[in-house]
Number of protein chains: 2
Amino acid sequence: MKIGELSKRTGVSIRSLRYYEEQNLLVPSRHDNGYRNYSPLAVEQVRTIQFYLSLGLSTEQIAGFLHCVIKNKEAFCQEVLPVYRQKLEEINGQIRLLQHIQSNLEERIQSIMHEQQAHKERDGSYVVTG
Amino acid sequence: MKIGELSKRTGVSIRSLRYYEEQNLLVPSRHDNGYRNYSPLAVEQVRTIQFYLSLGLSTEQIAGFLHCVIKNKEAFCQEVLPVYRQKLEEINGQIRLLQHIQSNLEERIQSIMHEQQAHKERDGSYVVTG
DNA sequence: ATAAACCATAACATTGATGTGAGAGTCAAG
DNA sequence: CTTGACTCTCACATCAATGTTATGGTTTAT
């Protein structure tokens with residue numbers, strides 16, 4: 001099938017499909033006229049690539065084990081586990097950082113609201129509640 | 001004080017200080033020779049900017065309320081609270097996404113290890129523990 | 001006066017997947 | 001044969017703060 005059809009079937013843009021080829025994730029054969037010729041299996045392979053991308057893996061990381069995953073069960077690709085573990089560490093670090101920022105922001109918000117409240121009460125303004 | 005001294009006192013690179021000026025976060029006066037002339041207060045202002053950046057706010061967002069924060073207490077800058085709340089929403093969304101990826105990864109890792117274990121047991125290989 | 005240290009502006013590089021557009025070849029239907 | 005819908009490659013744009021380098025003026029110390 002040609003690139004347009006694969007794009008429609010998977011929802012992945014033509015631009016991205018060409019990029020996957022450039023990154024050696026999905027290299028189709030070519031028609032005599034130079035058009036890309038994707039096998040029907042490509043649909044599933046694109047979905048696989050999208051799944052790994054959604055885990056935050058880079059195309060380079062994916063390229064490191066995709067050839068194996070396509071042929072075998074994921075569990076028997078030695079390359080996969082360390083990549084997963086490294087990514088998990090990374091994700092955990094990012095979560096910690098975001099949670100740190102999160103509590104900082106919550107603290108600032110609380111602090112502002114308390115100060116505003118105190119200000120109103122000092123001024124004797126009406127406090128509208130409920 | 002000149003830019004080099006401010007850079008040393010705050011630990012922020014000269015490049016970044018010039019960028020802050022470009023973004024209207026901290027605009028110093030100039031000496032006759034064109035050199036930037038920072039007031040002593042700039043040290044504290046740079047620290048303030050860095051704090052907001054560490055919360056993940058963009059220079060544009062910071063520029064939106066910094067003029068106010070410098071003059072008043074943060075609590076009385078109307079612009080601050082909505083920016084904080086918006087950023088908090090954003091952070092919460094990012095945390096949720098990362099946690100989703102996190103459990104996905106943990107699931108994949110568990111699945112792989114179970115499959116490998118089952119494989120070993122089927123093959124009667126020695127299982128080295130402890 | 002000369003060298004070292006400092007300052008200025010300007011512009012390009014980084015990151016990574018994807019958008020976008022130019023210029024040109026191919027193919028099917030009318 | 002022409003029009004429209006595909007396709008090709010190449011290359012620049014995006015985001016955002018910061019690094020880096022080039023080129024040249026200024027100040028300070030020797």
Side-chain angles (χ1 to χ4, degrees), chain A residues 1-38 42 45-64 66 83 86-87 90-91 93-94 97-98 101, chain B residues 1-38 42 45-64 66 83 86-87 90-91 93-94 97-98 101:
Chain A
M1 97 192 69
K2 287 184 287 183
I3 197 169
E5 191 184 342
L6 181 59
S7 171
K8 267 168 204 150
R9 285 213 219 168
T10 59
V12 172
S13 74
I14 290 178
R15 176 68 178 86
S16 294
L17 293 175
R18 295 199 183 117
Y19 180 67
Y20 297 164
E21 177 177 1
E22 194 181 309
Q23 301 298 307
N24 285 310
L25 290 177
L26 181 56
V27 180
S29 61
R30 297 285 182 139
H31 289 283
D32 286 345
N33 59 14
Y35 286 13
R36 288 168 179 79
N37 185 16
Y38 289 94
Q45 288 168 6
V46 169
R47 300 234 164 85
T48 302
I49 292 168
Q50 288 275 299
F51 170 72
Y52 289 128
L53 283 176
S54 79
L55 291 183
L57 301 184
S58 69
T59 54
E60 191 183 353
Q61 287 175 316
I62 298 171
L66 190 63
V83 174
Q86 185 195 326
K87 189 68 197 179
E90 200 180 306
I91 295 282
Q94 289 172 359
L97 176 60
L98 287 176
I101 294 174
Chain B
M1 97 190 72
K2 288 183 287 184
I3 197 170
E5 191 183 343
L6 181 59
S7 172
K8 267 170 203 147
R9 284 212 219 168
T10 60
V12 172
S13 75
I14 289 177
R15 176 67 178 88
S16 294
L17 293 175
R18 294 201 182 115
Y19 179 68
Y20 297 163
E21 178 176 0
E22 193 181 311
Q23 301 298 305
N24 285 311
L25 290 177
L26 181 56
V27 180
S29 61
R30 299 282 183 142
H31 289 283
D32 287 345
N33 57 17
Y35 286 14
R36 288 169 180 81
N37 185 16
Y38 290 94
Q45 287 169 6
V46 169
R47 299 234 164 85
T48 302
I49 293 169
Q50 288 275 298
F51 170 72
Y52 288 128
L53 284 176
S54 80
L55 290 182
L57 301 184
S58 69
T59 54
E60 192 183 352
Q61 288 175 315
I62 298 171
L66 189 62
V83 174
Q86 185 195 327
K87 188 68 197 180
E90 198 181 307
I91 295 283
Q94 289 173 359
L97 176 60
L98 287 176
I101 294 173

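Letters A, B, ... are given to chains in the order of the sequence lines, protein chains preceding strands, and every chain is numbered from 1. What you are looking at is a predicted structure, and each value in this text was computed from that prediction instead of being measured.
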**Asked** Could you give the distance from CD1 (A:Ile62) to OH (A:Tyr20), rounded to the nearest 0.5 Å?
**Response** 8.0 Å
**Complete:** Separation of C:dA17 atom C1' from A:Leu57 atom CG, nearest Å, is 14 Å
**Asked** Between atom CG in A:Asn37 and atom C1' in D:dC6, what is the gap in whole Å?
**Response** 15 Å
**Request:** Whole angstrom is fine here: how far is it from CD in B:Glu5 over to P in D:dT28?
**Result:** 13 Å
**Request:** Could you pick out which residue, B:Tyr35 or B:Ser13, lies toward the 5' side of DNA chain D when each is mapped onto its nearest nucleotide?
**Result:** B:Ser13
**Request:** Could you tell me the separation between the CD atom of A:Gln50 and the P atom of C:dG16, rounded to a whole number of Å?
**Result:** 18 Å
**Message:** Using heavy-atom distances to pick each residue's nearest nucleotide on DNA chain C, tell me which of A:Ser58 and B:Lys8 is more 5'.
**Reply:** B:Lys8
**Message:** For C:dT9 and B:Arg30 - does any side-chain N or O of the residue sit under 4.0 Å from the phosphate oxygens OP1/OP2?
**Reply:** yes
**Nearest-Å distance for atom pair CD/P, residues A:Glu60 and C:dA17** = 9 Å
**Item:** Phosphate-side-chain proximity, A:Thr59 and C:dG16, N/O vs OP1/OP2 below 4.0 Å
**Value:** no
**Message:** D:dA17, OP1 or OP2 - any side-chain N/O from B:Tyr20 closer than 4.0 Å?
**Reply:** no
**Prompt:** Between B:Gly34 and A:Ile14, which is nearer to the 5' end of DNA chain C once each is assigned its nearest nucleotide?
**Reply:** B:Gly34
**Message:** Both B:Lys2 and B:Leu53 contact DNA chain D. Which one's nearest nucleotide lies toward the 5' end?
**Reply:** B:Leu53
**Fill in**
Distance col, row B:Ile3:CD1 vs B:Leu17:CG, nearest 0.5 angstrom, shows 5.0 Å
**Fill in**
Rounded to whole Å, CG of B:Asn33 lies from P of C:dT9 at a distance of 11 Å
**Message:** Could you measure the distance from the NZ atom of B:Lys8 to the CG atom of B:Leu6? Nearest 0.5 Å is fine.
**Reply:** 11.5 Å
**Gap between atoms CD and P, on A:Glu22 and C:dA17 respectively (whole Å)** = 11 Å
**Among C:dA17, D:dT9, C:dA11, the one nearest A:Arg18 by side-chain distance** = D:dT9
**Asked** Using a cut-off of 4.0 Å on non-hydrogen atoms, how would the nucleic acid contact of A:Arg36 be classed: base, sugar-phosphate, or nothing?
**Response** sugar-phosphate
**Asked** Less than 4.0 Å between a side-chain N and a carboxylate O, is that true for B:Glu5 and B:Arg9?
**Response** yes
**Message:** So if I take every side-chain heavy atom of A:Tyr19 and compare against C:dC27, C:dT18, C:dA11, which nucleotide ends up nearest?
**Reply:** C:dT18
**Request:** Tell me yes or no: between the side chains of B:Tyr38 and B:Glu21, is some donor less than 3.5 Å from an acceptor?
**Result:** no
**Asked** Taking CG from A:Leu26 and P from C:dT18, how many angstroms apart are they, rounded to a whole number?
**Response** 13 Å
**Request:** Kindly point out which of D:dT7, D:dA17, C:dT20 is positioned nearest to the side chain of A:Ile3?
**Result:** D:dT7
